[in-house]
Student: 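Quick one: this structure, given as structure tokens, is what I'll be asking you about.
For ligands, and for the atoms within them, numbers begin at 1 and follow the listed sequence.
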Amino acid sequence: MEERRVWDETQLRKYDVPLVYVPKYRYDDPKVQELISANKPVIITGSELVASALNWDVDYLKEHMNNSNCTVIFSKNHKFKYFDDKSVRPDVKAKFVPPTRKVGMKMAEFAKRLREWKKGDERLYLQQMLNNTVGPGIVHDFLRFHWDWINSLQKNMSWGPLTSNLLLIAMEGNVTPCHYDEQQNLFAQIRGFKRFIMFPPEQFECLYPYPVYHPHDRQSQVDFERPDYMKFPKFKGAVGHEAVIGPGDVLYIPIYWWHHVESLMRGGYTVSVNFWYKAGPTEKIEYPLKGYQKVAIMRNVEKMLLEALHDPQELGPLLRALVLGRYT
Ligand SMILES: CCC[C@@H](CC(=O)O)C(=O)C(=O)O
Ligand SMILES: [Zn+2]
């Protein structure tokens with residue numbers, strides 16, 4: 001049946017990227033397991049995975065997890081580009097300008113800042129791992145997640161262990177720029193609507209990730225709002241897979257798939273919980289290798305060459321000498 005639209009296209013940001021739609025199926029439809037085992041994205045409805053948390057708004061969370069110290073990210077614009085400057089070399093870190101800043105605060109303070117936010121203020125994005133500092137009310141809701149469904153999925157897909165559940169509370173219009181993760185992800189939407197634009201690992205060449213040693217490792221260098229086609233010409237060839245999810249929906253984001261994520265403009269703040277799983281063991285290696293396996297190989301080659309060469313500036317010339325006129 002035609003579902004009632006509670007959002008419209010004007011709430012989506014416009015990018016110069018052709019899009020195809022991610023399919024949507026009920027959780028008990030065999031297509032869901034078929035797509036997930038093929039590492040393809042799918043919107044899963046009716047799973048009731050986080051039905052016990054559909055009442056998680058900031059007032060309820062303030063009530064039941066106010067002893068937790070939550071990580072809140074501040075940004076001067078709507079983009080929250082992830083960075084990790086802990087593991088980078090001192091010379092790289094010295095040159096790096098972090099695009100956002102992290103502050104620890106209680107849920108009550110976050111709720112207050114959300115309420116009192118006005119145009120021109122830094123935007124906020126709460127990104128906090130659910131841990132044993134949450135109150136008994138949250139534990140109660142968490143224990144009532146539809147674990148037997150997701151545990152059977154984890155087992156059938158021979159995924160590794162669940163590593164974490166991240167609670168995400170974003171202001172309307174917030175954007176997490178395009179990046180990939182090295183974990184399987186079941187992304188559960190609780191409040192508001194989020195839009196994903198995803199690209200398979202095979203489109204690595206269109207998305208130009210930062211060097212592995214950079215704080216923005218795994219993030220695309222392409223600014224979707226103002227793509228630099230001189231520097232990133234192959235971005236013209238990118239084709240995105242679009243999914244818009246709302247309360248009760250779960251989106252499967254396959255490991256190594258690129259994803260740009262935004263909370264719909266004028267849609268109010270959004271609440272989500274993700275489920276990150278380590279990859280399972282690779283059964284039989286089949287040739288030709290899959291896109292994601294080649295990405296993993298390229299990451300290892302970069303790391304090995306950096307280890308051997310020491311100076312990142314030497315990596316380009318060496319790889320050019322290795323490849324140009326010989327493998328091209
Ligand atoms: C820090 C994680 C943010 C999330 C995207 C989003 O909801 O803004 C994501 O990228 C993921 O779940 O992998
Ligand atoms: Zn991600």
Side-chain angles (χ1 to χ4, degrees), residues 11-13 22 36 39 41-44 49-50 53 56 70-75 77-86 98-103 110 123-131 150 159 162-201 203-204 207 209-210 215-220 224 240-247 249-265 267-279 292 295:
Q11 294 177 263
L12 306 179
R13 294 179 183 275
V22 172
I36 296 180
N39 267 331
V42 55
I43 300 171
I44 304 159
L49 176 61
V50 295
W56 284 12
C70 297
T71 299
V72 176
I73 303 177
F74 285 75
S75 174
N77 58 42
H78 54 279
K79 290 189 267 195
F80 289 79
K81 190 181 207 176
Y82 174 82
F83 69 91
D84 170 6
D85 62 0
K86 286 185 293 297
T100 60
R101 63 190 179 93
K102 275 185 191 169
V103 174
F110 175 72
R123 278 172 173 264
L124 313 166
Y125 199 157
L126 183 142
Q127 300 184 354
Q128 177 55 40
M129 229 161 262
L130 288 179
N131 56 34
I150 202 168
W159 286 350
L162 171 69
T163 55
S164 59
N165 293 99
L166 203 59
L167 171 65
L168 299 158
I169 307 180
M171 287 178 61
E172 60 187 22
N174 279 12
V175 171
T176 296
C178 196
H179 69 280
Y180 68 87
D181 301 300
E182 294 176 276
Q183 300 204 55
Q184 301 284 13
N185 185 347
L186 284 166
F187 191 98
Q189 191 57 18
I190 287 169
R191 183 186 197 274
F193 285 79
K194 266 184 168 173
R195 182 238 201 151
F196 294 70
I197 301 176
M198 295 181 282
F199 306 85
Q203 293 192 32
F204 178 96
L207 291 157
Y210 284 86
H216 284 320
D217 173 25
R218 294 183 292 106
Q219 320 291 306
S220 171
F224 278 27
H241 295 239
E242 185 184 53
V244 179
I245 58 173
D249 294 334
V250 176
L251 173 66
Y252 168 54
I253 308 173
I255 185 169
Y256 286 105
W257 271 62
W258 297 86
H259 45 290
H260 153 104
V261 190
E262 59 190 65
S263 293
L264 266 50
M265 294 184 283
Y269 68 86
T270 58
V271 179
S272 322
V273 170
N274 73 13
F275 294 68
W276 265 320
Y277 290 87
K278 277 211 185 310
Y292 77 89
V295 171

Student: Among Leu186, Leu251, Ile245, Leu49, whose side chain to side chain contact (heavy atoms under 4.5 Å, CB included) with Ile44 holds?
Tutor: Leu186
Student: Would you name the heavy atoms of Gln183 and Tyr277 that are closest together and state the gap between them?
Tutor: CB-O, 3.2 Å
Student: For the Zn ion (ligand 2), give me the closest N/O/S atom belonging to Asp181, just the atom name.
Tutor: OD2
Student: Counting heavy atoms only, which of Gln183, His259, His260 comes nearest to atom 9 (C) of ligand 1?
Tutor: His259
Student: Return the residue, atom name and 0.1 Å-rounded distance of the protein heavy atom closest to atom 6 (C) of ligand 1.
Tutor: Tyr125 OH, 3.2 Å
Student: Which part of Phe187 is near ligand 1, with near meaning a heavy atom under 4.0 Å away: side chain, backbone, both or neither?
Tutor: side chain
Student: Measure the CZ-OH distance between Phe204 and Tyr256 for me, rounded to the nearest 0.5 Å.
Tutor: 11.0 Å
Student: Once you restrict to heavy atoms under 4.0 Å, what part of Leu166 touches ligand 1? Side chain, backbone, both or neither.
Tutor: side chain
Student: Measure the spacing between CE of Met198 and CD1 of Ile253 and express it to the nearest 0.5 Å.
Tutor: 6.0 Å
Student: Could you identify the single nearest non-hydrogen protein atom to atom 5 (C) of ligand 1 and state the distance to 0.1 Å?
Tutor: Val261 CG2, 3.6 Å
Student: Is ligand 1 less than 4.0 angstrom away from at least one heavy atom of Phe80?
Tutor: no
Student: Would you say the ring centers of Phe196 and Phe187 fall short of 6.0 Å from each other?
Tutor: yes
Student: Within the 3.5 Å criterion, strictly below it, is a donor on Tyr252 or Asn39 matched to an acceptor on the partner's side chain?
Tutor: yes
Student: Only heavy atoms of Leu168, strictly under 4.0 Å: list the atoms of ligand 1 that pass.
Tutor: 7 (O)
Student: Taking non-hydrogen atoms only, is Asn185 closer than 4.0 angstrom to ligand 1 via side chain, backbone, both or neither?
Tutor: side chain
Student: Looking at Ile197 and Gly240, what are the two nearest heavy atoms and their distance?
Tutor: CG2-CA, 4.0 Å
Student: For the rings on Phe224 and His260, is their centre-to-centre separation under 6.0 Å?
Tutor: yes
Student: If we only consider heavy atoms of His179, is any one of them less than 4.0 Å away from an atom in ligand 1?
Tutor: yes
Student: Among all the protein's non-hydrogen atoms, which is closest to atom 7 (O) of ligand 1, and how far away is it?
Tutor: Lys194 NZ, 2.8 Å
Student: Report the atom name of the nearest N/O/S atom of His259 relative to the Zn ion (ligand 2).
Tutor: NE2
Student: Closest non-hydrogen protein atom to atom 1 (C) of ligand 1, residue and atom name please, with distance?
Tutor: Gln127 OE1, 3.4 Å
Student: Report the atom name of the nearest N/O/S atom of His179 relative to the Zn ion (ligand 2).
Tutor: NE2
Student: In terms of residue, atom name and distance, what is the protein heavy atom nearest to atom 13 (O) of ligand 1?
Tutor: Asp181 OD2, 2.9 Å
Student: Is there a donor in the side chain of Ser263 and an acceptor in the side chain of Glu172, or the other way round, less than 3.5 Å apart?
Tutor: no
Student: Report the C-alpha distance between His259 and Asp181 in whole Å, list the side-chain angles of each, state the deciding distance to 0.1 Å, and finish with yes or no for side-chain contact (heavy atoms from CB on, under 4.5 Å).
Tutor: CA-CA 9 Å; His259 45 290; Asp181 301 300; 2.9 Å; yes
Student: Provide the number and element of each atom of ligand 1 under 4.0 Å from a heavy atom of Trp276.
Tutor: 11 (C), 12 (O), 13 (O)
